[in-house]
Amino acid sequence: MTDPLRDAGASLSAVRRAIECVLDELTWPAPFDLNALLEQIAGRGGKRVALLATALPRDGAGGLVIERARDLVIVVDETLPPLQREHVIMHEAAHILFGHRGTSVGDLTQEELDELDPEAVRGAQRFAKREGYSAIDEKVAEIAAALMSSRAAAVRRRGGRPLRSDAVAEANKRFEEALLARRPRS
């Protein structure tokens, strides 16, 4: 039997089912906490996972993973909108969760190294950049990130946390009241 997460010919439904099985092994407590999810993923991989939000080049990826001796650093572009930033973090976390291997440090150019935070780069053994993964690994990470986002949204709904800001909720309430208010007929 072939592994749908490694088989280029696997159907999308087989890949999705395999990803769902792995995601089912994680807990999704309410309220949703991205850091708690990353801690679970770290526990499975044996290395701490840290986040580093920093400005990344506009023409590059929105995130990447740096593997160091003692930890993994998910670097995410701090200029992205919050929802997109969370998706990028989940995409990079999926690479970690599924054991994808990226690009070794020796494969990077000096220009690519100069674009990153020197502290994050120090001690790096491996980088995960867009061209560093196979097409299958990228497909798995993107599907997993979408499924993780969907689960996080479901937990947020169940947990009673608002999906929108208080100001938007208040404006919607006033608008609804105005629409439903009966005006006396003249």
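Closest non-hydrogen pair, Thr79 versus Ala55, comes out as CG2-CB, 4.4 Å. Shown here for Gln40 and Leu26, the closest heavy-atom pair between the two residues is OE1-CA, 3.4 Å. Listed here is the closest heavy atom pair of Ala144 and Ala94: CB-CB, 3.7 Å. Of all non-hydrogen atoms in Ala93 and Leu38, the two that sit nearest each other are CB-CD2, 3.7 Å. The minimum heavy-atom distance between Leu56 and Val76, with the atom names listed, is CD1-C, 4.1 Å. When every heavy atom of Asp33 is checked against every heavy atom of Asn35, the shortest pair comes out as OD1-N, 2.9 Å.
Taking the six-membered ring where tryptophan is involved, the planes of Phe32 and Trp28 are essentially parallel, since the angle between them stays under 30° and well short of 60°.
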Derivation and outcome, side chain to side chain donor-acceptor pair (under 3.5 Å), residues Glu138 and His100: CA-CA 9 Å; Glu138 280 300 325; His100 299 163; over 6 Å; no

Can you check side chain to side chain contact (heavy atoms under 4.5 Å, CB included) on Glu86 and Leu34, steps first, answer last? CA-CA 8 Å; Glu86 182 177 87; Leu34 183 58; 4.2 Å; yes

Could you go through the side chain to side chain contact (heavy atoms under 4.5 Å, CB included) check for His87 and Glu142 one step at a time? CA-CA 9 Å; His87 179 82; Glu142 195 56 33; 2.7 Å; yes

Criterion side chain to side chain contact (heavy atoms under 4.5 Å, CB included) on Leu97 and Val22, from CA distance to verdict: CA-CA 9 Å; Leu97 181 63; Val22 173; 3.8 Å; yes

Worked verdict on Glu92 versus Val75 for side chain to side chain contact (heavy atoms under 4.5 Å, CB included): CA-CA 9 Å; Glu92 300 306 331; Val75 181; over 6 Å; no

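Residues Ile74 and Leu52 form no side-chain contact, since every pair of their non-hydrogen atoms from C-beta on lies 4.5 Å or further apart. Leu72 has its side chain out of reach of Ile66: every pair of non-hydrogen atoms, C-beta onward, lies at least 4.5 Å apart. Looking only at side-chain heavy atoms (C-beta outward), Arg156 and Arg151 stay at 4.5 Å or farther from each other. Side-chain contact between Ile19 and Val140 is present, with at least one heavy-atom pair separated by less than 4.5 Å. Between Leu51 and Ile89 the shortest side-chain heavy-atom distance falls below 4.5 Å.
Of the inter-residue distances, the one linking Met90 atom CE with Ser149 atom OG reads 4.5 Å to the nearest 0.5 angstrom. Rounded to the nearest 0.5 angstrom, Glu20 CD and Ile143 CD1 are separated by 10.5 Å. To the nearest 0.5 Å, the span separating CD1 on Ile41 from NZ on Lys47 amounts to 15.5 Å.
Cluster membership check: Met148 shares its hydrophobic cluster with Leu12, using side-chain heavy-atom separations under 4.5 Å among Ile, Leu, Val, Met, Phe, Trp and Tyr.
Looking at Asp24 and Arg17, no side-chain N of the basic residue comes within less than 4.0 Å of a carboxylate O on the acidic one, giving no salt bridge. Ionic pairing of Arg48 and Glu67 is not present here: no N-O contact between side-chain nitrogen and carboxylate oxygen is shorter than 4.0 angstrom. Comment: Arg44 engages Glu25 in a salt bridge, judged by a side-chain N to carboxylate O separation of less than 4.0 angstrom.
Within a 6.0 Å radius of CZ in Arg16, other residues, nucleotides and ligands contribute 12 heavy atoms or fewer.
Remark: side-chain polar atoms of Arg85 are paired, donor with acceptor, to backbone N or O of Glu78 under 3.5 angstrom.
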